[in-house]
Structure formats: C-alpha cells, structure tokens
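The sequence lines fix the lettering, A, B, ..., with proteins before strands; numbering per chain opens at 1. For the numbers below, each heavy atom of this structure counts, side chains included, while hydrogens, waters and symmetry mates do not.
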Amino acid sequence: MPELPEVEVVRRGLERWTAGRTIASAEVLHPRAVRRHAAGPADFAARLAGRAVLPPRRRGKYMWLPLRDPEAGPGRDGAPAEALLAHLGMSGQLLVGEPGREREKHLRVRVAFTDGGHDLRFVDQRTFGHLLVADLAPDTYAHADDAPGAAKNGEGLVPEPIVHIAADPLEDAFDEEAFVRALRRRKTGIKRALLDQSLISGVGNIYADEALWRARLHWARPTETLTRAEALRVLEGAREVMGAALAVGGTSFDSLYVDVNGDSGYFERSLDAYGRRDEPCRRCGTPIRRDEFMNRSSYTCPTCQPRPRRARY
DNA sequence: CAAGATTCCTGGGGGC
DNA sequence: TGCCCCCAGGAATCTT
C-alpha cells in the first residue's frame, strides 16, 4: 500500500526518467482512472499532448508533474500553470519502460514522449488510484522566503484539488507547533487523526501503527488528552519510520507496490507492529494484538501501548 | 461544523 | 479441483 515513502520512491524514479521530456500523446484505457478529471478522458489527453514535464513534486501521498508549454519563449515568467496529478490509491503503479513491451493486464493510462524513448504507464488493479490534469494554485503551506526564480519549476504552487491536503512531516514547510495545536484541539482517537490528511499528510494504516508503536501510544487514545510531549513523540515516530522506510525503497508485501522500474522495497522486514499479530513485541516480547477499527486492522503491543481507560474511535 | 459511516474496486487466499 | 466469500484500505462523499 503506497504511503509517503513509497510515493517518494516513485517520485524519484519519475524525476530521473521523465523530467524535461515532452509528452507526445496520452491514451486513457480505463475512464475510471481519470474520474476526477471533470472534463473527461479526451480533455485529459488533450491537455497532456505537447506539454513538457518539469521535475515531479510530492505532498503526502500525492505527486504531480508541473506542465510547461515548450514553445513558450522569453517574455513570460515561465511558471507552470497546470500539473499532471497522481494518487496511487491502494494498488496504483507508475511504470517507466520500453514502449514496445507487453501491455500490463491492468494498464489504465499510457503516456508517450516525443523522443520515442521510455513511456510512462499507470497500472492499477483495484482502480482506487487516479490521474488528472489540474490548475496550480498558491500553496498556503509554502514558506514566504522561497528563493527568487524558484517559481519557474512550480515551487510555492500546489494542484488545486489538493489545497486541503496538509504538509507532510518530511517537508520543510511542516509546522510542528501548528500540528500539535491542531491535534490537541480534535475530539477523536489519535489514529483517526493521523489518517486524516488535512492534519498531517502521507500517513496511512501501516505507518500510523508504526508511529504509534514507536511513541508507545494506543490507537484509541483521545487526542484532547495528549500532552505536548506525547504529540511530538508520535510525530517523531512517524518521521523516523518513514525516513527509514524511504532509505530502503519503501514497504512492499507483494508485487502491487513497486517503483517505476517494477522493483519492490525491503521495509516489510523492519516493521515493528503492522502485520505482526501474535508475534513478540520487539521491545518487551508481549504478543502483538490485532484490533479492528475503521474497517481495517490496527496492531499494537498490549504492554507498551496500553488501551486508555477512556477510548475514542 | 465536526465526527463517524459509507462507498468505490479486484484478485489472492482460505474454507469447504 | 472449483467455487464462494472475505479481506486489503485512501479519501471523497454521505449522514448524523
């Protein structure tokens, strides 16, 4: 399941393989893959054809390729106005490879480039992921002191459909104090808050459990009872675990999460809580417990992460 | 308005 | 061996 580290691995692959190239054409093989592009698949393809792609950017689990008109000469500020926005959902893959290779079974969108080199394919078995072309809007999380000239790569801009997505904890723009304040103002359980992308982005079910295990907090802990120190501990746990996962190429349980070259990450063996039902806690040896919550699994150590007397879901 | 429930989707795997 | 059912879960959209 692609969360922040997995998406970042893909973003880096795109940076290497697509930045600076010009799109020749795009082909939508399954309309559901572009369902959030309101103007429809034909408009989606038309907006990509002939555009050059700038280095990819990412916020949380979303990534985007700012688009530029290659013929735009001097006299304009050169700042991109639109971007190709992608979310991988549960099973989405962005793959780069030889144009002539066989079509993947769940190929949804194919993008060809004017140089005739490697193409870009969006493959998605469960079709929870999607692509769209969107206007770029000012980023409310951006620092005001961005370097001059940065705008030409779309810095300080974010696709309009994701302006409500909070900064992620690996961004410079992430405001720790604002996060702690917002978290403690909520009246819900800590895990639900971590999964709410408008508070902190990039955290999904796997890394939420890992961050909580590191912080020694139970998933049903009411946010309004968290101390400042506890809130910072969860944040630190999230940063550490996602940073460690990124360093080894992300987490992969099967062939559904892969980088742009189709290779899997190695972080699964390093998980401390997620998926470890009945296995000994790596801190204290107590068997890890699985609970059901929000129609998904939550894994905790009953000793290190005792259930609060007053639980919130 | 905020919190919680519902909804979309497909193939792998377990049970019988 | 085959079939049925459950399960995985991000986030928009809904209901309360």
Inset, instruction - Please tell me if the side chains of A:E155 and A:D139 come closer than 4.5 Å, counting only heavy atoms from C-beta onward. - result: no
Legend entry - Ring geometry between A:H118 and A:W17 (parallel below 30°, tilted from 30 to 60°, perpendicular above 60°): parallel
Legend entry - From CZ (A:R186) to CZ (A:R312), nearest 0.5 Å: 12.0 Å
Legend entry - Salt bridge flag under 4.0 Å for residues A:R58 and A:E8: yes
Legend entry - Nucleotide-resolved protein contact map, nucleotides 10-16 of chain C, B/S/- at heavy-atom distance under 4.0 Å: BBS----
Inset, instruction - Run the salt-bridge test on A:R214 and A:E240 with the 4.0 Å N-O cut-off and return the result as yes or no. - result: yes
Inset, instruction - Give a yes or no on whether a salt bridge exists between A:E292 and A:R296, defined as a side-chain N under 4.0 angstrom from a carboxylate O. - result: no
Inset, instruction - Output yes when A:E104 and A:R121 qualify as a salt bridge under the 4.0 Å nitrogen-oxygen rule, no when they do not. - result: yes
Legend entry - Opening and closing nucleotides of DNA chain B in contact with chain A, under 4.0 Å to non-hydrogen atoms: B:dA3 to B:dG11
Legend entry - Distance test, side-chain N/O of A:S297 to OP1/OP2 of C:dC7, below 4.0 Å: no
Inset, instruction - Could you tell me whether A:D119 and A:R101 make a salt bridge, using a distance below 4.0 angstrom between a side-chain N and a carboxylate O? - result: yes
Legend entry - Inter-end axis angle, the helix from B:dA2-C:dT16 to B:dC16-C:dG2, with every axis fitted to five base pairs (rounded, 10 degrees): 50°
Inset, instruction - Could you tell me whether A:R290 contacts a base, only the sugar-phosphate backbone, or nothing, with contacts defined as non-hydrogen atoms closer than 4.0 Å? - result: sugar-phosphate
